[in-house]
Amino acid sequence: MAEGSENKGKPLMLVAVDDSEHSFYALEWTLDHFFAHGTNHPFKLIVIHARSSASSALGVAGFGSVDFMTYLEADMKKSTSKTVQKAQDVCTSKKVENVEVEVMEGDPRNVMCDAVDKHQASLLVVGSHGYGIVKRAVLGSVSDYCAHHVKCSVMIVKKPTKP
């Protein structure tokens with residue numbers, strides 16, 4: 001999706017997506033609340049996806065056969081393509097045009113901080129996986145990390161829990 005002249009001079013919003021339903025809920029929520037009224041949107045929008053490298057997915061660089069690494073890398077690229085396509089499809093279904101979807105390689109926490117710096121974003125939107133305190137401590141929370149480390153405002157969109 002190409003950048004149009006109607007986006008020039010507007011503050012930039014980044015929306016982080018991964019392959020989770022929580023991140024796509026955050027993208028849809030953001031489109032519905034900030035981009036639903038015609039073409040006069042308050043922000044320029046870039047959707048960011050953090051793609052892990054094959055060696056980081058294994059936890060130890062160089063561990064495993066060359067064939068396995070090649071297969072893993074191909075599988076990760078396929079997963080990234082699906083995520084990017086889904087993000088583009090969500091934007092199209094919401095009739096939001098002129099959205100860039102960018103893939104950056106690395107740990108999502110670092111990727112989001114780097115993307116904010118690179119694009120001089122005014123707002124970063126992330127979904128919340130709704131992890132409890134133990135899972136958050138073990139797995140690390142991208143939204144918590146970003147809220148404390150990025151150089152812009154952070155909006156954490158939580159998917160409502162079903163009663």
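Note that the structure is predicted; figures quoted are calculated from it, not measured.
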Between E21 and K159, is the side-chain contact (heavy atoms from CB on, under 4.5 Å) condition met? List the steps. CA-CA 9 Å; E21 66 180 79; K159 186 174 182 180; 2.4 Å; yes
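- Inter-residue side-chain proximity for F35 and C91 is flagged as unmet; no heavy-atom pair is nearer than 4.5 Å.
- Rounded to the nearest 0.5 angstrom, H119 NE2 and E100 CD are separated by 6.5 Å.
- To the nearest 0.5 angstrom, S153 atom OG is 10.0 Å from L124 atom CG.
- Listed by chain and residue number, D18, H22, S23, H129 satisfy the side chain to side chain contact (heavy atoms under 4.5 Å, CB included) test with S20 (two or more places apart in sequence, or in another chain).
- Within the 4.5 Å cutoff, the side chain of L14 has no heavy atoms near those of the L123 side chain.
- Closest approach of C152 and S122 over heavy atoms only: CB-O, 3.6 Å.
- Listed for the T92 side chain is a donor-acceptor partner under 3.5 Å among the backbone atoms of Q88.
- For the atom pair K44 NZ and M13 CE, the distance stands at 13.0 Å (nearest 0.5 Å).
- Neither Y145 nor V154 shares a network with the other; the hydrophobic side chains, linked directly or stepwise wherever heavy atoms of I, L, V, M, F, W or Y lie under 4.5 Å apart, form separate groups for each.
- A salt bridge does not link E73 to K78: none of the charged nitrogens lies less than 4.0 Å from a carboxylate oxygen.
- Note: L31 CG to H41 NE2 = 9.0 Å, rounded to the nearest 0.5 Å.
- Annotation for V17 and A87: closest pair CG2-CB, 4.5 Å, computed over non-hydrogen atoms.
- The residues D32 and K94 are annotated as salt-bridged, a charged nitrogen and a carboxylate oxygen being separated by less than 4.0 angstrom.
- Here the NE2 atom belonging to H149 is positioned 15.0 Å from the CE atom belonging to M112, to the nearest 0.5 angstrom.
- Within the 4.5 Å cutoff, no side-chain heavy atoms of E102 are placed close to those of H49.
- The two residues G127 and S143 have their closest heavy-atom pair at O-CB, 4.1 Å.
- By the 4.5 Å heavy-atom criterion applied to side chains, Q120 and K151 are not counted as neighbours.
- When all heavy atoms of D144 and H148 are compared, the pair lying nearest together is O-ND1, 2.8 Å.
- Between G106 and A50, the shortest heavy-atom contact is O-CB, 3.9 Å.
- Looking at D114 and V111, their side chains never come closer than 4.5 Å, going by heavy atoms from C-beta outward.
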After noting the C-alpha distance and the side-chain angles of M155 and F34, does the key distance pass the side-chain contact (heavy atoms from CB on, under 4.5 Å) rule? CA-CA 12 Å; M155 182 169 61; F34 289 94; 3.6 Å; yes
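- Separating the NZ atom in K10 from the CG atom in N98 is a distance of 9.0 Å, to the nearest 0.5 Å.
- Among residues two or more places apart in sequence or in another chain, the ring pair (Phe, Tyr, Trp, His ring centres under 6.0 Å) test is passed with F24 by none.
- Hydrophobic clustering, with ILVMFWY side chains joined whenever heavy atoms are under 4.5 angstrom apart, groups V96 together with V90.
- Between L12 and F43, every side-chain heavy-atom pair lies at or beyond the 4.5 Å cut-off.
- You'll find the side chain of V157 stays beyond 4.5 Å of the side chain of V126, heavy atoms only.
- Using a 4.5 Å heavy-atom threshold, the side chains of I48 and V15 count as separate.
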